[in-house]
Structure formats: structure tokens, C-alpha cells
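Per chain, numbering begins at 1; letters A, B, ... match sequence-line order.
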There are 2 protein chains.
Amino acid sequence: MLKNTEFADKLRFSGLRPTKQRLKICEVLFKRDHTFHFTINDLAKNISEQLNEKISLATVYNTVHAFKKKGYLKEISINSDKSYFDTNTTSHHHFFDEDTNELIDCDDEVIEAPKIKKNISGKKIKSVEVLVKVATDYHNQK
Amino acid sequence: MLKNTEFADKLRFSGLRPTKQRLKICEVLFKRDHTFHFTINDLAKNISEQLNEKISLATVYNTVHAFKKKGYLKEISINSDKSYFDTNTTSHHHFFDEDTNELIDCDDEVIEAPKIKKNISGKKIKSVEVLVKVATDYHNQK
DNA sequence: TTGTTATTTATAATAATTCTAAACTTTATG
DNA sequence: CATAAAGTTTAGAATTATTATAAATAACAA
């Protein structure tokens, strides 16, 4: 768990100025025990509720994208009209519960890394991710 | 390769009335040798170019969603502001080329199905899909 | 300090998608 | 085959997520 000065150092180190807004967003995102899956709106809501402060939506967008670019956040692929982000930036997989729209992280202990037997020639593999969609049995698949 | 009357039967069989518009969309989507990855706009463009006809965008949306619900199309998960669909509804995997934004299908011969060692209790697995992102080496990961 | 550069902000612009309600088709039934 | 009921199509409006803009502000280096 990082302290605020450590966030500042880390930001500076990545070439991002440690502004009030960015430090607050760090608090909300990274001062937690578990992975956080969120949309920009979830995050904006958390900021105003937890810190009782308002950061302009544009800044939240800017910051999330800056953090993603620096590798502090990951964008998640699910079929959706919104973008989801993940504070877990390690290589990992997901269960997606179609009943509740909940996304659950898991690692290679739960889902064994698939073997890639051939690759596209001239290209390097950047990431390998598995998405397992689940639902209760009676639920029609979407 | 299906004929138009066969499309009509198939639609009727799934409880969808075989309207002119739906039959045309079937032609564009399913009278082809290879998998088609498309956005709604790609499809609308194909309709107007190939058939030289205009189907209302709303209808294209309606139809694609109806076809998806009936299992004739699959929605694909990539981080994007658009929804992508796939005429390949079998269980399969994807390479995503970050340089060109191209999506390439592959099956278990190329990417071995990952083993799911634990599942969420009370849930049934609806699908298991692997997404492999690739890029040329010098390319910064997105 | 002071000047330069990065960042924040409110707001406008854009783009994908969904909604609406009227017109039109398809289908089932008498 | 006439007709009514139900399903579809349509243009356009509405909604929603996201990006762009440009002026005000804050951080940094000298």
C-alpha cells in the first residue's frame, strides 16, 4: 500500500506531474486491497463519494488514459458500450458472469495459460488473455 | 452456401419473419467463403455497395441484434469504441494485430483451448475465448 | 521570481447506439 | 382472398460515452 508521497514520486518518475487531481485518483484506485474493475463513471462516482470532491470528467478521462499508457491500468475487453479498466495489470484472465455483469479475475492457477502453437509471422505477442463467460444454467446465452 | 429460400426457411424457423431487408442482410453476411468481421457501419456500407440498396441503419442494428440473439452472429470483445460482430459462431479464438487493427480467427489447432481448473460455483460455462494481441516488435504496447 | 510547459476545466463536438411512433409487411384466420 | 393482428421498417430524435477545444491554472526549471 503506497503513501501519497510515494504516489507523487512514482508519477514524477513516469514523467507525469503529481497534481492534486492525479494524487486523488491514485488514492481511490490504488489504496485498496483488491483489484478494482471500473468504468470512468464508476471512478468519478467513487471520487466524489469517497473524497467528497469533484474532479472534472475530462480530467478523469485524461488521467485514466495517461495511467493506462504508463502501464498502471489495463483496459479490459468485454462486449459493452463502455470501457472497463482494471487495476490488476499483471497478465491474468477473467470470468464474466452474464447474470450479474460481474467480472472476476483469475490467474494461471485457475485458468491454465493457453498454448499458442503458431504466431502471425513478423509479429510479437503482446498479451494472451482468456475470457470465460458463465451464467446460471437456465439463463439464455446472450 | 445457402440459397435465398433457405435463408427464408431458416429465419421463419427461428421465429423471424423473412423480410426483404433481412434476406438482403443474409446475402451480404452469409454468402461468402470466409468469416466476416464487421461493425454495423461496415455492414451498412457493404449493403449499399454490393446490393446497391439502402436499408435503414435502424434496421441494420435491429437485424444484427436479432441474428446475434438467435446465434447466427457472435459479438467480439476487443477494446474499441465500436462493436464488432463475427459470422463465425463456432467456439474459436482471435489474434488481434495492434498495428493494423486486424482480427484473425483461429481454432484450437493454433491456440490450444485453455484448461479451466475451477469454475464459479452454480454457474455454467457459456464460452471460453482467447484473445492474443500482437504487434511488430518496435511498436509500443497500447 | 519568471517564463515555459503541462494540466485542468467547462463546454462543445462527435460518434455509436437506442428510442419512438407512424407507415408498411407478413402472416394467420375466417 | 379479405381482413385484422402482430411484427418490421423507417427517419429522425434522443441518449450516452468519449474526444476535442481553448482559456485558466498549476508545476517546474532556471
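Checking side-chain atoms of D9(B) against main-chain N and O of F13(B) turns up no donor-acceptor pair under 3.5 Å.
Each of I55(B) and D81(B) was matched to the nucleotide of DNA chain D holding its nearest heavy atom; the match closer to the 5' end belongs to I55(B). Nearest-nucleotide positions on DNA chain C for S56(A) and I40(B) put S56(A) closer to the 5' end.
Note: H94(B) and H37(B) have perpendicular aromatic rings, judged against thresholds of 30 and 60 degrees for the angle between ring planes.
Annotation: K117(B), atom NZ; neighbour count of heavy atoms from other residues, nucleotides and ligands within 6.0 Å is above 12.
Using a 4.0 Å cut-off, some side-chain N or O of Q21(B) falls inside it from OP1 or OP2 of dT10(D). Contact between the side-chain N/O atoms of R12(A) and the OP1/OP2 oxygens of dC28(D) is found at a separation under 4.0 Å. Residue Y61(B) has no polar side-chain atom (N or O) positioned under 4.0 Å from OP1 or OP2 of dT18(C). Residue T19(B) places at least one side-chain N or O closer than 4.0 Å to OP1 or OP2 of dT9(D). Phosphate contact (OP1/OP2 of dA16(C), side-chain N/O of S83(B), threshold under 4.0 Å): absent.
L51(A) and I25(A) fall within the same hydrophobic cluster, where Ile, Leu, Val, Met, Phe, Trp and Tyr residues are linked whenever their side-chain heavy atoms come under 4.5 Å apart, directly or through other members. Side-chain heavy atoms closer than 4.5 Å link hydrophobic residues (I, L, V, M, F, W, Y) into clusters, and following such links, even through other members, never connects I76(B) to V130(A).
Atom pair K82(B):NZ and dT17(C):P shows a separation of 8 Å (rounding to whole Å applied). In this structure, the CG atom of L11(A) is 10 Å from the P atom of dT8(C), given to the nearest Å. Between the CG atom of L57(A) and the C1' atom of dT18(D) there is a distance of 10 Å, given to the nearest Å. Note: CZ (R22(B)) to P (dT27(C)) measures 10 Å, nearest angstrom. Going from atom NZ of K20(B) over to atom P of dT27(C) covers 12 Å, rounded to whole Å. As rounded to whole Å, 11 Å separates atom P of dT17(C) from atom CG of D42(B). As a whole-Å value, the separation of L16(A) CG from dT5(C) P is 18 Å. Summarising the geometry, the separation between NZ on K68(B) and P on dT17(C) is reported as 11 Å, rounded to the nearest angstrom.
Counting non-hydrogen atoms under 4.0 angstrom, T39(A) reaches nothing in the nucleic acid. Residue T59(A) is in base contact, counting any heavy-atom pair closer than 4.0 Å across all strands shown.
Between V128(B) and I111(A), the closest side-chain pair of non-hydrogen atoms is not below 4.5 Å.
Closest to the side chain of A58(B), from the set dT19(D), dG12(D), dT9(D), is dG12(D). When each of dT18(D), dC28(D), dT10(D) is scored by its nearest atom to the side-chain atoms of P18(A), the top-ranked nucleotide is dC28(D). With distances taken from any side-chain atom of K54(A) to the nucleotides dA10(C), dA16(C), dT9(D), the minimum falls on dA10(C).
Between the side chain of R17(A) and the base of dT5(C), at least one donor-acceptor pair of N or O atoms lies under 3.5 Å.
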